[in-house]
Structure formats: C-alpha cells, structure tokens
Number of protein chains: 2
Amino acid sequence: MNETEADDEVRAESFRQARSARRLELVEDYLELIADLIDDHGEARQVDIAARLGVAQPTVAKMLRRLSKDGFITQRPYRGVFLTEEGRAVAERSRTRHRIVEAFLCAVGVSPETARLDAEGIEHHVSAETLEVFERFLERAADA
Amino acid sequence: MNETEADDEVRAESFRQARSARRLELVEDYLELIADLIDDHGEARQVDIAARLGVAQPTVAKMLRRLSKDGFITQRPYRGVFLTEEGRAVAERSRTRHRIVEAFLCAVGVSPETARLDAEGIEHHVSAETLEVFERFLERAADA
DNA sequence: CACATGGAATAGCCATGGCTAAATTCAAGC
DNA sequence: GCTTGAATTTAGCCATGGCTATTCCATGTG
Ligand SMILES: [Mn+2]
Ligand SMILES: [Mn+2]
Ligand SMILES: [Mn+2]
Ligand SMILES: [Mn+2]
C-alpha cells in the first residue's frame with residue numbers, strides 16, 4: 001500500500017521535527033540564561049547557572065564544554081563564560097521567542113504562574129509561523 | 001542574598017517541570033501511537049510503530065521493553081503489542097490533549113500543516129490549566 | 001508439511017544529560 | 001605573602017534514546 005507508506009512518511013515528519021527541537025532545547029535554555037546572567041550581573045558563573053537551572057554544577061561544566069566546542073561560548077578557566085557572536089544571536093532569538101510565548105499564554109487567559117512554567121517547555125516547539133501568529137494575537141489584544 | 005536564592009529556586013522550578021515533561025514525551029507518543037494503530041488496524045507491530053515514528057525497528061524494540069517493564073503494555077513475542085489499562089489511560093489522555101492543542105493552534109490562525117508539526121512537540125508541555133484555557137477558547141470560537 | 005521470508009530479538013556502538021566524589025586552583029582576607 | 005574556602009575541573013557512574021549488523025523464529029504459502 002503506497003498510500004499507507006506515504007501517510008507514514010507524513011506522520012513521521014512531525015516526530016522528526018519534535019526530536020530535533022528536543023535536541024536544541026538545552027542549548028537554547030543555556031544560552032538564554034547565560035545572556036540573562038551577563039546582562040544582569042556582568043558575568044555568568046557555573047554555580048549561578050547551576051542554581052538557576054536546578055542541576056548540579058558538574059552537569060553545567062560538561063554542557064559548557066559542549067557549547068564551547070560548538071562555538072556558542074568561550075570560557076576563561078576559573079573565570080566566567082562569554083557568548084560568541086553566534087551564541088549571543090541564539091540567546092536573543094530564544095529570549096524573544098520565550099517572551100512572546102509566555103505573554104501569549106497570559107493573553108489567552110492562562111495564569112502568570114502557569115504561563116511561566118509551561119512557556120519554558122513550549123517555547124522550543126514553536127515554529128516561526130506559529131510565533132508570528134502569537135505576535136499578531138498580542139497586538140490585537142493590545143488594541144482592544 | 002536570600003532574595004536571590006529564593007528567586008533562583010522559583011526559576012529552577014520551571015526548568016524542572018520542563019525536564020520532567022521531556023522525560024515523558026516519548027512514553028506519551030508511543031502509547032498514543034500504539035492506541036491509534038490498534039484502533040485503526042487491530043494490532044500494533046514494531047515495524048509499523050517504527051515507520052510512523054521515523055526511527056529504526058531496534059529502537060522501538062528497546063523502548064517497548066521499557067514500556068513493558070513500566071506496566072504500560074504487554075507483548076506477545078512475534079505478535080503485537082497490547083496496552084494495559086494504565087497504558088490505555090495514558091494513551092487516551094495524550095490523544096485528547098494532542099487534539100485540543102492542534103485544534104487550538106488552527107483556531108488561533110496557524111496553518112493546519114504547521115499546527116500538525118508544532119503540536120507534536122508542544123502537547124507534552126501543556127499543563128492541565130493551559131489545556132482548559134485552550135478548550136474554552138475552542139468553545140468560544142465555535143459559537144462565533 | 002516444509003521452508004522462505006519478513007518481523008522480532010540481540011549484540012554492540014555512540015551521544016546526551018544527569019549524578020557524586022575527589023582533586024585542583026584561584027583569590028580574598030588575615 | 002599564606003592560608004583557606006569556594007569554585008572549577010576531573011573522573012567515573014548510570015539511564016535514555018538513537019544507530020547498524022546480525023541472528024532467530026513463527027507463520028502463512030506453496
Ligand atoms: Mn527560555
Ligand atoms: Mn526553555
Ligand atoms: Mn501526540
Ligand atoms: Mn508528541
């Protein structure tokens with residue numbers, strides 16, 4: 001049945017997209033958080049990142065090595081973490097998207113507390129098209 | 001600074017919730033898919049699950065062992081996979097939530113194709129409260 | 001009723017993302 | 001300038017979720 005096979009392929013595509021988004025979740029959260037820490041406190045230290053994420057510090061150390069290897073950050077040993085141009089770009093995009101998703105949830109009637117919790121996961125699965133829809137919704141809500 | 005520490009704890013909570021949702025994503029997708037296959041074709045075979053998910057068959061085999069161990073399914077060797085009562089319950093809940101999320105995205109103006117793709121990931125991060133908001137939105141949209 | 005074949009099981013590899021425990025090292029304060 | 005404590009690094013463990021290659025075996029067809 002060619003129909004069935006084609007159908008499988010179509011369905012599989014959404015799972016593939018979700019898996020690929022899942023792989024990027026952590027990278028986006030780390031970079032956004034590092035940007036926040038730098039902007040708020042002038043530096044981003046492993047202990048602070050760990051405390052904000054709710055994980056152990058060596059977990060952060062391992063992740064930072066990966067982010068370095070992939071060119072998103074630079075590290076000065078025993079000093080803080082710094083964003084490369086690419087890292088800063090990803091952080092900004094993630095931060096913007098995160099804010100829109102959280103504001104959208106609030107606008108549609110979710111309590112601020114729940115919006116905060118849910119947005120942390122939802123943000124990573126919102127495509128450009130959906131994000132635009134959310135933005136337009138917010139604009140219209142602001143008018144009313 | 002106690003203020004800062006408390007603040008960290010609050011922020012960490014959303015990351016914890018997102019991590020915990022991430023751990024359940026696969027379980028929910030598998031059970032929902034197995035229920036679909038059983039309802040549509042009368043049985044759920046590893047090859048079919050693999051084709052629908054877009055992964056290799058041994059990947060499915062390994063995951064099914066885990067689902068068995070955790071009491072969500074039973075397996076008859078070389079026959080299909082069957083849902084336990086608990087497995088069926090999780091599947092139904094996931095299916096319902098998935099449908100609401102996808103319908104909500106469409107209702108708010110996202111194209112059906114993008115809604116299908118994004119819903120596959122978003123669904124797992126939508127809390128009960130947010131789901132209810134989405135449902136109410138759909139009801140109101142239906143009235144208009 | 002034999003047996004071919006397609007699905008299932010197994011083995012073994014890798015990357016990711018958690019953890020604890022221990023060793024290092026930097027820097028602040030005495 | 002020494003000391004010491006906190007932060008970082010390192011080492012090593014585990015579970016999850018992918019993969020390929022291979023073996024196995026139940027069933028349905030001839
Ligand atoms: Mn975020
Ligand atoms: Mn997030
Ligand atoms: Mn689903
Ligand atoms: Mn899903």
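A note on names: the letters A, B, ... follow the listed sequences, proteins ahead of strands, and every chain is numbered from 1.
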Every protein N/O lying under 3.5 Å from an N/O of nucleotides 28-30 of chain D:
none

Reading nucleotides 1-13 of chain C from the 5' end, what letters show protein touch, with B for base, S for backbone sugar-phosphate only, - for no heavy atom under 4.0 Å? ------BBBB---
With the side chain counted from C-beta on, respond yes when His125(B) and Gln17(B) share a heavy-atom pair under 4.5 Å apart, and no when they do not. no
For the residue pair Tyr30(B) and Val60(B), establish whether any side-chain heavy-atom pair is separated by less than 4.5 Å. yes
Return the set of residues passing ring-ring contact (aromatic ring centres under 6.0 Å, His included) with Phe15(A) (not counting sequence neighbours), or none when no residue passes. none
Is there a path of hydrophobic side-chain contacts, each under 4.5 Å between heavy atoms of I, L, V, M, F, W or Y residues, that connects Leu131(B) with Phe134(A)? yes
Linking Ile, Leu, Val, Met, Phe, Trp and Tyr through side-chain heavy atoms less than 4.5 Å apart, which residues share a cluster with Tyr78(A)? none
Whole-Å distance, Met63(A) CE to dG18(C) C1', equals 12 Å
When Thr114(A), Val108(A), Leu117(A) are each screened for side-chain contact (heavy atoms from CB on, under 4.5 Å) with Thr130(B), the one that passes is Thr114(A)
Sequence-distant partners of Arg52(B), side-chain contact (heavy atoms from CB on, under 4.5 Å), two or more places apart: Asp8(A), Arg11(A), Leu33(B), Asp36(B), Leu37(B), Asp40(B), His41(B)
Selection: residues 21-41 of chain B, any non-hydrogen atom under 4.0 Å of DNA chain D: Leu26(B)
Ion pair present between [X] and [Y], side-chain N to carboxylate O less than 4.0 angstrom?
X         : Y         : value
Arg97(A)  : Glu135(A) : no
Glu113(B) : Arg116(B) : yes
Glu120(A) : Arg19(B)  : no

